[in-house]
Q: 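Please see the structure below; I have some questions.
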4 protein chains.
Amino acid sequence: MERSAENSKERILSAAEEVFAARGIDGARVDEIANQANINKRMLYHYFQSKEELYIAVLRANFEKVLAISSRPFNGTGNLKEQVATAIGNYFYFLAQNPHFARLMTWEALQGGVHARKVLPAIWEEGLERLKAILEQGMSQGVFRPDLDLRQLLTSINALCSYYFINKDILSTLWDIDPVQPDVLEKRLKHIRDLVLNYITRP
Amino acid sequence: MERSAENSKERILSAAEEVFAARGIDGARVDEIANQANINKRMLYHYFQSKEELYIAVLRANFEKVLAISSRPFNGTGNLKEQVATAIGNYFYFLAQNPHFARLMTWEALQGGVHARKVLPAIWEEGLERLKAILEQGMSQGVFRPDLDLRQLLTSINALCSYYFINKDILSTLWDIDPVQPDVLEKRLKHIRDLVLNYITRP
Amino acid sequence: MERSAENSKERILSAAEEVFAARGIDGARVDEIANQANINKRMLYHYFQSKEELYIAVLRANFEKVLAISSRPFNGTGNLKEQVATAIGNYFYFLAQNPHFARLMTWEALQGGVHARKVLPAIWEEGLERLKAILEQGMSQGVFRPDLDLRQLLTSINALCSYYFINKDILSTLWDIDPVQPDVLEKRLKHIRDLVLNYITRP
Amino acid sequence: MERSAENSKERILSAAEEVFAARGIDGARVDEIANQANINKRMLYHYFQSKEELYIAVLRANFEKVLAISSRPFNGTGNLKEQVATAIGNYFYFLAQNPHFARLMTWEALQGGVHARKVLPAIWEEGLERLKAILEQGMSQGVFRPDLDLRQLLTSINALCSYYFINKDILSTLWDIDPVQPDVLEKRLKHIRDLVLNYITRP
DNA sequence: GATGAATGAGAATTCATTCAT
DNA sequence: GATGAATGAATTCTCATTCAT
């Protein structure tokens, strides 16, 4: 990892994300972040006013990451059912590949979203904005059941995906397999898709 | 301000549950617990060896609560579908009426279950043990689809229920209504039941 | 051990002696003393005003023990040389059989004798009072060298005896034998007697 | 009030030695050490993990001091008897000039050497290593009595020297003179030398 | 005499933050 | 930009002592 002056801020943010995701804001130690970023603690305070500011910066960066994902050209093809399946898969694998994201969101949720609120109030559902559009389209076209409550449904999809990653360690113990192994991931995704697609297509 | 000896420990446990559920083990302050329990901090250390021990005691008490629920006479009647609906409802309302439970479990989950592991390793699924039995029965009787993966399904039910309460504050902002109001709760439960029942009954 | 009311005070004193000898006044815990005495902590404060008072009471009791020894009929027979040997032996075995004594005296010594001073200022040499008398007799009779400095000599005898017991644990490690085993004790005593008698009898 | 970085650790160690020697590990207060070192308590924990670690560091430093003494060029001249006298004098004056040393060793001894053991197990006799060599030489040359038990003898010399300094305060009261005044010191040393030399040279 | 719970003052340890260079 | 030492305010934990019964 390069150590030129310019990327100091990046290194701090990245280390902070790691530590905050792992331990939450109260469990995180500024020292650990500085060590992991390979910078002097004083530099950390040069770039960020306080531990809390740094935490918020991490949240902001993560929100931007989802936004980027959710606004990038959609690779869903075929009919609307297939597009739902694709959108769910995209989200699921985004969470799998960005393990810090769901953890950060959950620490935040447990704290009532006090910090996240300072960044972007309505971000919570952003990652599923595309999916929402597809579902709305499907409802109006009669492909999906007309009585879908999108709030409930999007909440459920979020739950079905996030919960899995949040509880990874515990599931790992309970099931005695690694929940984030490729084939195990795929199995989980299939289950979520079945559950959701079955529901939205049957009146 | 009663001060009888026997309930001091209870008061401490109860205050600790409140504070740990609200802030997690790292965010909790022993002083706050002592104040809320209306005891001298010293007494807290008389009954519990350390903050961590107290936290574990809280976890243990909560585990026992679920166990008590899941092992009490089941009020499910009627056919297996109805029984599943009842079991989900029982669990959902248990979470609604014991708001600390899901929060404690989630703080724990985020920390990899390090403390919970010291109490009871396999407790995680305990609250849904009854439901599991019903589902197994339904599968063998051909009432439910035969290819149910119970691990996945129970995880999903847990997710659908817990996530809602964990994200209560955020949903409250997003939706601009109180998610734990009786009728809103009932709506959420209906959605979960639909999702699950639809899935398990269609091959 | 009997637990009738009357001997509570005795039990406390005895436990306190044990604990104070083992850990010193600062290392001792009132709780440990109470537990070991099998009484309620409150009783301890019934009999003794404070931890310090209790400690002083222990010192006093120990001083009385030496006084009793040093004033009891002397079993020294034969000539003065033999009497010196006997007196040294008596003192040495007193220390061996009352392991708390030398330890208490040494904790006190390290603390400048602040507490002991409150009990009996001149007690320090009491245990060797008899020996002093014999030595004086021997000097005037010309049996011992006439230039003996009794202060120095008594201090030395005290040192030669006490030091051994105080450093018991360390000698045990260094020598890899138990320093208070009967034959090892006897060897030490012989050495001390040789050293002293050789000195006092040669001009 | 200089504040250069390098000597902070030294100042802490030096203050700690002072306080630990004066009050023992249980009687010592971290606050007092910090004050005396003129640093913030926090720095103390920056350099040393805990009070116990600091105490062990003090022991280590003191052990190194004796080692340095005992391994420096010996200024003993003349015949073996004179060399013994010199070696005893060196040790005696080392203790006189390093009053913390004997005190630290004695606090340790009373606690069974639990902490010292972590530093250097066999250090206890180190300060008299040189003397031991001379005595061995003298025995084989027939200058000293052939039946010397060096363990006993070295223990005795240690006792005769250390005990004096450990009991300084009490002797001061008993004798009504200052035991560490130069001429009083010299008198004590003379006595010890007489005692020992008389013993080792007479069969 | 006896008990167990309770307490306030204090002691060790930790942490985010800032100063001097 | 960068550094390492320094700090004050908490925070956890401990202890001798006392109260209510």
Side-chain angles (χ1 to χ4, degrees), chain A residues 3-6 8-9 25-34 38-55, chain B residues 3-9 12 25-34 37-54, chain C residues 3-6 8-9 25-34 38-55, chain D residues 3-9 12 25-34 37-54:
Chain A
R3 275 164 103 270
S4 72
E6 309 87 60
S8 277
K9 195 172 177 179
I25 188 170
D26 289 317
R29 295 290 158 255
V30 172
D31 275 285
E32 191 185 0
I33 294 172
N38 240 288
I39 49 105
N40 186 277
K41 229 190 320 183
R42 190 63 191 78
M43 275 331 282
L44 190 152
Y45 283 95
H46 176 72
Y47 288 114
F48 302 94
Q49 300 187 3
S50 67
K51 185 186 181 184
E52 195 188 2
E53 284 303 311
L54 177 54
Y55 177 71
Chain B
R3 280 291 167 81
S4 78
E6 312 87 59
N7 67 3
S8 274
K9 198 173 175 177
I12 296 170
I25 188 171
D26 288 317
R29 294 292 160 254
V30 171
D31 275 294
E32 190 185 359
I33 295 173
N38 238 286
I39 48 114
N40 184 283
K41 215 189 337 182
R42 185 62 191 81
M43 275 329 273
L44 192 153
Y45 284 96
H46 175 71
Y47 289 115
F48 302 94
Q49 299 190 4
S50 65
K51 183 184 178 183
E52 195 188 1
E53 282 303 311
L54 177 54
Chain C
R3 274 163 105 273
S4 71
E6 308 86 61
S8 277
K9 195 172 177 178
I25 188 170
D26 288 318
R29 295 290 159 257
V30 172
D31 275 285
E32 192 185 358
I33 294 171
N38 240 289
I39 47 106
N40 186 277
K41 228 189 322 181
R42 190 64 191 78
M43 274 332 281
L44 191 152
Y45 283 95
H46 176 72
Y47 288 113
F48 303 94
Q49 300 188 3
S50 67
K51 185 186 181 182
E52 196 188 1
E53 284 302 312
L54 177 54
Y55 176 70
Chain D
R3 281 291 167 79
S4 78
E6 313 85 62
N7 67 4
S8 274
K9 199 174 174 176
I12 296 170
I25 189 172
D26 288 318
R29 293 291 159 256
V30 171
D31 275 291
E32 190 185 359
I33 295 172
N38 238 286
I39 48 114
N40 185 283
K41 215 187 339 178
R42 186 64 191 80
M43 276 328 274
L44 192 153
Y45 284 95
H46 176 72
Y47 289 115
F48 303 94
Q49 300 190 4
S50 65
K51 183 183 178 183
E52 195 189 0
E53 283 302 311
L54 177 54

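Bear in mind the structure is a predicted one, so any value in this text is a computation, not a measurement.
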Q: Which pair of non-hydrogen atoms, one from D:Tyr45 and one from D:Ser50, has the smallest distance, and what is that distance?
A: CE2-CA, 3.9 Å

Q: Search all heavy atoms of B:Ile39 against all heavy atoms of B:Ser8 and return the closest pair with its distance.
A: CG2-OG, 4.1 Å

Q: Residues two or more places apart in sequence or in another chain: which of them pass side chain to side chain donor-acceptor pair (under 3.5 Å) with D:Asn40?
A: none

Q: Under 4.0 Å between any heavy atoms, over every strand shown, what does C:Ala34 touch: base, sugar-phosphate, or nothing? Just pick one.
A: nothing

Q: Taking CD from A:Gln49 and P from E:dA16, how many angstroms apart are they, rounded to a whole number?
A: 17 Å

Q: Does E:dG4 have OP1 or OP2 sitting under 4.0 Å from an N or O in the side chain of B:Tyr47?
A: no

Q: Using heavy-atom distances to pick each residue's nearest nucleotide on DNA chain F, tell me which of C:Asp26 and B:Asp26 is more 5'.
A: B:Asp26

Q: Under 4.0 Å between a side-chain N/O of C:Ser8 and OP1 or OP2 of E:dG1, yes or no?
A: no

Q: Ignoring backbone atoms, test whether D:Asn40 places a side-chain nitrogen or oxygen under 4.0 Å from the OP1 or OP2 oxygen of F:dG8.
A: yes

Q: Heavy atoms, side chains only, cut-off 4.5 Å: are C:Lys51 and C:Arg29 in contact?
A: yes

Q: Give a yes/no on whether any side-chain N or O of B:Tyr45 is located under 4.0 angstrom from OP1 or OP2 of F:dC13.
A: yes

Q: Pick the closest DNA chain E nucleotide for B:Met43 and for A:Ala28 by heavy atoms, then say which residue is nearer the 5' end.
A: B:Met43

Q: For a quick test of reading the model: is some side-chain N or O of C:His46 closer than 4.0 Å to OP1 or OP2 of E:dA2?
A: no

Q: Using a cut-off of less than 4.0 Å, is there contact between a side-chain N or O of A:Arg29 and OP1 or OP2 of E:dA16?
A: yes

Q: Check if the side chain of C:Lys41 and the base of F:dT17 share a donor-acceptor pair of N or O atoms closer than 3.5 Å.
A: yes

Q: Taking only residues two or more places apart in sequence or in another chain, which ones pass side chain to side chain donor-acceptor pair (under 3.5 Å) with A:Lys41?
A: A:Asp31

Q: Using a 3.5 Å cut-off on both pairing distances, which stems of three or more Watson-Crick or G-U pairs include DNA chain E?
A: E:2-21 with F:2-21

Q: Please report the closest heavy-atom contact between D:Ile12 and D:Ile33, naming both atoms and the distance.
A: O-CG2, 4.1 Å

Q: Quick check on DNA chain E: between A:Lys51 and D:Glu52, whose nearest nucleotide comes earlier from the 5' end?
A: D:Glu52

Q: Checking all strands, does A:Arg42 fall into the base, sugar-phosphate, or nothing category for heavy-atom contacts under 4.0 angstrom?
A: base

